[in-house]
Each structure stands twice: as C-alpha cells, then as structure tokens.
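A short worksheet on the structure shown next.
Owing to the predicted nature of the structure, the values given are computational and were not obtained by experimental measurement. Position 1 is the first residue of the sequence, and the numbers go up from there.
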Amino acid sequence: MGWVTDDGLHEGYLLAVLADGRDATAADNPHSDTNSAWWCFDGTDGRPRAIGVRAACDCYDETFTEPVRTWRGSVVHPVHFGDDDKTEGTDGEEVSGPYAEWENVHVSPAAATTVPGDVAALLDTVRTRLGELAEQRPLAALTTVARLEAVAAAAAVRAAGAAQHRGESWTRIGTALGVTRQAAHQRLARHLAATGEPDPDADTFGADDLAVDAYRLARSGENR
C-alpha cells in the first residue's frame, strides 16, 4: 500500500517502528530478504512486532528513475494490524495520521517549491548556451549574466511580496531561496519596502547596509 502524487514525484508509504525505536528493514524479516512492509512485523513467524508506524517518502525528479532523496516523518503513529486504512489514516472523510503528515508536512511544502518542468528546461538551455557563449564571446556572456542577475533580482522581490500576501513566513521564503530567515530578510525587505509592500518583521530585523541593492539592479536591467 502506498500513496503517489499526481505528478509521480512523491511516493509515500509506511515504515514499521520496532520496540527499540528504529525503523524495521527487510533484514528484520527472517522469511524474506526483500520485504519490509509494515504489516509483516506483527510478531508472528519469528518477526518482531511493530509498536507503531512512521510515514516515509521516496522523492523523484522529472526523470522518474531512482529516488533523488527520501523523507521520514517525525511522528510514530498507532498501528492497527488487519486494518490498513485505519493505520494509514485514510479510513474517513478527513485524512489523518501518517497520510496527513505525509501530505501536509512533506508533499505540500515540497510542491510549493518545486520548479516547474518547463522552467527547469529553460534553465538548462540557458546554462548550456551561456557555457558556449563564454567560450565564443566572453564579454557578451558577462553582459548576459548581468542582465540575468537583474531579472532574477526583480523576480525575487516580486515573488517574496506574493509569498507574504499568501501568509508565508520569512523562514519559508528563506528556505525557498536556500538561505536563512535572516539572510532572506536582509536581502529583500528593503526592496519590498521600496515597492510599497508591508513588512511584518520590520521590528525584528535591522537594515543590512552590506546587502546588494537588488531592486536598483533590477530596475536598471529593465531599462536597458
């Protein structure tokens, strides 16, 4: 039994949690060196009995070949042998338990930051073309890089403003950028203020005089 997102990028499942707190593996199943399904660990035929289950996920990229990363839930949920739906948390109109944790804690946040396939393809094309241009016409490549930085800076300000309108925190914005909450605020807060966007954390952080003036760089790029 498992759960797969519509795009096929996330395949969720349950792991049996044993009495010593670790997740069961196929090595704990004396009758199969490949089967680590949670329902196997019911205490019969020499198998240890699970004290609960944990949500897990194999995460893929657009190639759909091998998982590029895995995720493990932090909560040990009750196990109900003989009732798969109740154990998974899919036995009622409102999902709960492991399935809800997988959906709300892992899948939804991951989907919010997943780069769309067409954008990823465009970025790959730009990266390849810039590499070629750097060899053929290095100054043209540098000019292109400057314009890309300006476009990216303007997009970052716009995206951060949109994220705040949707109630996202600076922590989430920083995670999406691959930086800390404070670094994201230092990078973008003044530029949001310049566009008239409210800053809910204005009293939390001080101004960063060393931050790159992304807003002015973006405006200069737009006026080229």
Side-chain angles (χ1 to χ4, degrees), residues 3-15 17 21 23 53-62 67-77 89 94-120 122-123 148-219 221:
W3 326 300
V4 181
T5 56
D6 291 340
D7 57 14
L9 299 182
H10 298 276
E11 184 176 357
Y13 52 94
L14 293 183
L15 293 172
V17 179
D23 298 335
V53 290
R54 188 191 314 277
C57 187
D58 288 341
C59 311
Y60 299 82
D61 59 17
E62 297 291 342
V68 295
R69 58 188 176 278
T70 58
W71 170 84
R72 298 290 182 266
S74 61
V75 179
V76 177
H77 300 272
E94 296 292 332
V95 296
S96 60
Y99 181 86
E101 185 184 8
W102 173 75
E103 174 69 27
N104 298 326
V105 176
H106 174 60
V107 172
S108 293
T113 57
T114 298
V115 179
D118 60 334
V119 176
L122 285 172
L123 290 174
L148 283 174
E149 289 175 343
V151 169
V157 174
R158 180 177 297 180
Q164 285 194 331
H165 277 302
R166 296 184 181 186
E168 298 291 358
S169 66
W170 277 109
T171 298
R172 291 290 301 276
I173 293 171
T175 298
L177 286 170
V179 300
T180 65
R181 173 177 182 262
Q182 185 169 2
H185 189 274
Q186 291 173 340
R187 174 178 171 181
L188 296 170
R190 290 187 297 115
H191 314 310
L192 288 173
T195 63
E197 294 289 346
D199 179 10
D201 286 332
D203 296 330
T204 304
F205 295 96
D208 178 14
D209 294 333
L210 299 178
V212 176
D213 194 340
Y215 180 73
R216 291 179 181 174
L217 179 61
R219 293 299 299 271

Minimum heavy-atom distance Val115-Ala120, with the two atoms named: CG1-N, 3.8 Å
Taking every non-hydrogen atom, the tightest pair across His77 and Gly97: CE1-C, 3.5 Å
Glu103 side chain reached by Val95 side chain, heavy atoms, under 4.5 Å: no
Any Pro98 side-chain heavy atom under 4.5 Å of Arg54 side chain: no
Inter-residue atom distance His185.NE2 - Ile173.CD1, 0.5 Å rounding: 9.5 Å
Exam field: side chain Thr175 to backbone Thr171, donor-acceptor pair closer than 3.5 Å: yes
Shortest non-hydrogen contact from Ala184 toward Leu177: CB-CD1, 4.3 Å
Closest non-hydrogen atom pair between Leu188 and Ala160, with its separation: CD1-CB, 3.7 Å
Residue pair Asp58 / Pro67: nearest heavy atoms and the distance that separates them: CB-CG, 3.9 Å
Side chain Gln182, main chain Gly174, donor-acceptor under 3.5 Å: no
CG (Asp6) with more than 12 external heavy atoms under 6.0 Å: no
Separation between NE2 of His106 and CZ of Arg72, rounded to the nearest 0.5 Å: 10.0 Å
Aromatic ring pairing Trp3/Trp102, orientation class (parallel under 30°, perpendicular over 60°, tilted between): tilted
Stepwise side-chain contact (heavy atoms from CB on, under 4.5 Å) check, Val105 with Val75: CA-CA 11 Å; Val105 176; Val75 179; over 6 Å; no
Point-to-point distance, once rounded to the nearest 0.5 Å, from SG of Cys57 to CD of Glu101: 11.5 Å
CA sep, side-chain torsions, deciding dist, call: Val17, Asp23, side-chain contact (heavy atoms from CB on, under 4.5 Å): CA-CA 5 Å; Val17 179; Asp23 298 335; 3.8 Å; yes
Residue pair Glu11 / Val4: nearest heavy atoms and the distance that separates them: CG-CG2, 3.9 Å
